[in-house]
Amino acid sequence: MSHPPLLEIDRARVCRGGVTVFESLSLVVNNNEAVAVIGPNGAGKSTLAGLLMRDYYPVYCDPASVRIHGKSRFAIAEYRDAIGLVANDALRWLSPETTVGAACRVATTQISARLLDRFGLAPLVDRPIAELSDGERRRVILARALARSPDVLVLDEPFTHLDPASTAQLLDLLRDNVIGRMALLLITHRLSEIPPEIDRVVGLRNGTVMFDGAKREHLDDATMQTLYGTPLHVVQSNGWFTAVPAS
């Protein structure tokens, strides 16, 4: 007997402010699978993250169009334990005076203490989150998400506002602590932010899945030019891809 996918979005119709973002979105992520979702601004990437975190809901249908392990109904705490979110505003519900230790619940869970040490946050345990740099804040968000041992980690533009050093540090943390250990959905618009360990890419354009498959099959000049609507040249080196303006 086959098991249902870890995460399944099945022909979801999603509207925001009276505008239909997705007419019929389908996406499947299996256990321990790492997937990158790419696309231009306005493609629907942030709406996808909001759909998974239940900031937005699909138009009702039967059976339900969003399922985890085949289930569509969850207690709030159970759902939050199943999906971890790394996003710019993931700490918005906390007081600015909340310390790093309190944000990661280090006093109540052993795993959080290990994560703080692993992510280089132990020296910051008593510092208020309002005093953190963007890179430090992003590491706190990641540690906080992983403290619940989620089934799938959703990263919504996790490298926004980070300098190259902080971006490299966060990528290393993901490669060493996440990829291959749990399912991962990385939402980004930059090819250079997709580590070599993530091979499957999904291209979103105007609320539609334009492609879904291996990087070597889709990350080429012609496909990226169509996806982003501008002349681009794709460069590859040691499993890393980047897109630069075509001359």
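This chain uses plain numbering: 1 for the first residue, then up along the sequence.
- Closest approach of M224 and L219 over heavy atoms only: CE-CD2, 3.7 Å.
- Cluster annotation: M53 and V29 are assigned to the same hydrophobic cluster (Ile/Leu/Val/Met/Phe/Trp/Tyr, side-chain heavy-atom contacts under 4.5 Å, transitive).
- If you run side-chain contact (heavy atoms from CB on, under 4.5 Å) between V86 and each of L153, L146, D156, only L153 comes through.
- Of the N and O atoms on the side chains of R216 and Q236, not one donor lies less than 3.5 Å from an acceptor on the other residue.
- A heavy-atom distance below 4.5 Å is not found between the side chains of E8 and L27.
- Between I187 and the options V154, V202, I38, a side-chain contact (heavy atoms from CB on, under 4.5 Å) holds for only V154.
- More than 12 heavy atoms of other residues, nucleotides or ligands lie within 6.0 Å of CZ in R175, so this atom counts as buried by the packing criterion.
- Remark: the N88 side chain and the R137 side chain contain no N/O donor-acceptor pair separated by less than 3.5 Å.
- Side-chain atoms of R118 and N177 form a donor-acceptor pair, as typed in the model, at a separation below 3.5 Å.
- For the ring pair (Phe, Tyr, Trp, His ring centres under 6.0 Å) condition, the pairs that include at least one residue of residues 173-224, sequence neighbours left out, are F211-H218.
- When every heavy atom of R205 is checked against every heavy atom of P40, the shortest pair comes out as NH1-CG, 4.0 Å.
- With no hydrogens or angles considered, a side-chain donor-acceptor pair links R16 and T47 at under 3.5 Å.
- Applying the ring pair (Phe, Tyr, Trp, His ring centres under 6.0 Å) test to residues at least two apart or on different chains, none of the pairs has a partner in residues 136-155.
- Taking both residues in full, the closest heavy atoms of L85 and A145 are given as O-CB, 3.8 Å, listed atom of the first, atom of the second, then distance.
- At a threshold of 4.5 Å between side-chain heavy atoms, the hydrophobic network of Ile, Leu, Val, Met, Phe, Trp and Tyr places W240 and L174 in one connected group.
- A continuous path of Ile, Leu, Val, Met, Phe, Trp and Tyr side chains, each step under 4.5 Å between heavy atoms, connects L121 with V125, placing both in one hydrophobic cluster.
- Using a 4.0 Å cut-off between a side-chain N of Lys or Arg and a carboxylate O of Asp or Glu, E23 and R11 do not qualify as a salt bridge.
- The pair D212-R200 counts as a salt bridge, with a side-chain nitrogen and a carboxylate oxygen less than 4.0 angstrom apart.
- Of all non-hydrogen atoms in V152 and L184, the two that sit nearest each other are CG2-N, 4.3 Å.
- Under a hydrophobic-cluster definition in which Ile, Leu, Val, Met, Phe, Trp and Tyr are linked whenever side-chain heavy atoms come within less than 4.5 Å, directly or via other members, L171 and L162 are assigned to the same cluster.
- Contacts classified as ring pair (Phe, Tyr, Trp, His ring centres under 6.0 Å) and involving residues 121-163 (residues at least two apart or in different chains) are not found.
- Applying the side-chain contact (heavy atoms from CB on, under 4.5 Å) test between V140 and each of V100, T98, L94 identifies V100 as the sole match.
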